[in-house]
Amino acid sequence: MANTAHIPTSNSALIAMIADEDTVVGFLLAGVGNVDLRRKTNYLIVDSKTTVKQIEDAFKEFTTRTDIAIVLISQYVANMIRFLVDSYNKPIPAILEIPSKNHPYDPAHDSILSRVKHLFNAESVASTRH
């Protein structure tokens with residue numbers, strides 16, 4: 001069990017958000033938001049003024065914080081930093097791409113879905129060999 005991921009067992013496991021204002025506000029109203037003692041938030045609101053560097057920095061920060069268990073990212077935002085999302089391979093925090101109000105979900109661009117499809121294709125090939 002040396003390769004198992006450590007999931008925080010305290011009540012501090014958070015969901016982080018990188019998305020447009022409407023999506024983030026909806027999740028904040030549902031109680032997802034958090035501001036710690038250093039005034040760090042667990043969300044980034046992406047608008048027309050947000051740079052790709054800011055999105056990259058937020059993604060890197062959220063995926064290295066030990067108090068975050070899931071990072072929700074709008075798919076159109078994930079497409080801006082696709083190289084980072086595709087190269088991320090840790091189980092915790094999990095990265096989930098979600099649709100936004102103005103950008104519908106496209107399964108062809110979802111890196112997690114493509115990994116799952118690849119895994120099932122490999123398993124079905126292996127099972128036919130036996």
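Heavy-atom basis, side chains included; hydrogens, waters and symmetry copies ignored. In what follows, residues are counted from 1 in the order of the sequence shown.
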Practice item. Provide the closest heavy-atom pair for Leu28 versus Gly33 in the form atom of the first, atom of the second, distance. Key: CD2-CA, 3.3 Å

Revision key, fill the gap. Taken to the nearest 0.5 Å, the spacing of Phe62 CZ from Leu14 CG works out to 10.0 Å

Point to revise | Sequence neighbours excluded, every pair satisfying salt bridge (charged side-chain N to carboxylate O under 4.0 Å, His left out) that has a member inside residues 40-50 | key: Lys40-Glu61

Review point. Which residue pairs satisfy the ring-ring contact (aromatic ring centres under 6.0 Å, His included) criterion with at least one member in residues 68-87, sequence neighbours excluded?
Key: Tyr76-His103

Point to revise | Hydrophobic cluster of Leu29, others only, ordered by chain and residue number, side-chain cut-off 4.5 Å | key: Val25

Review point. Which pair of non-hydrogen atoms, one from Ile68 and one from Ile70, has the smallest distance, and what is that distance?
Key: CG2-O, 3.5 Å

Revision key, fill the gap. Distance col, row Ile98:CD1 vs Ile18:CD1, nearest 0.5 angstrom, shows 10.5 Å

Practice item. Could you check if a side-chain atom of Lys90 sits within less than 4.5 angstrom of a side-chain atom of Thr63, using non-hydrogen atoms only? Key: no

Review point. Are the side chains of Phe27 and Ile15 in touch, meaning some heavy atoms are under 4.5 Å apart?
Key: no

Point to revise | Beyond-backbone contact of Ile73 with Ile81, side-chain heavy atoms, under 4.5 angstrom | key: yes

Check your understanding: Hey, what do you get for OH (Tyr88) to NZ (Lys60), rounding to the nearest 0.5 Å?
Key -> 14.0 Å

Review point. Distance from Ser74 atom OG to Met80 atom CE, nearest 0.5 Å?
Key: 9.0 Å

**Study point:** Side-chain heavy-atom pair Asn102, Asp20 within 4.5 angstrom cut-off
**Key:** no

Practice item. For Ala19 and Val77, work out which heavy atoms get closest and say how close. Key: CA-CG2, 4.5 Å

**Study point:** Minimal non-hydrogen separation, Phe59 against Leu84, with atom names
**Key:** CE2-O, 3.9 Å

Study note, to complete from the structure: NZ of Lys53 to CG of Asp57, rounded to nearest 0.5 Å, is 3.5 Å

Point to revise | Exercise: identify the closest heavy-atom pair between Arg65 and Asn42 | key: NH1-CA, 4.2 Å

Exercise for review: Check Val85 against Glu97 and note the closest heavy-atom contact, atom names and distance.
Suggested key: CG1-OE2, 3.6 Å

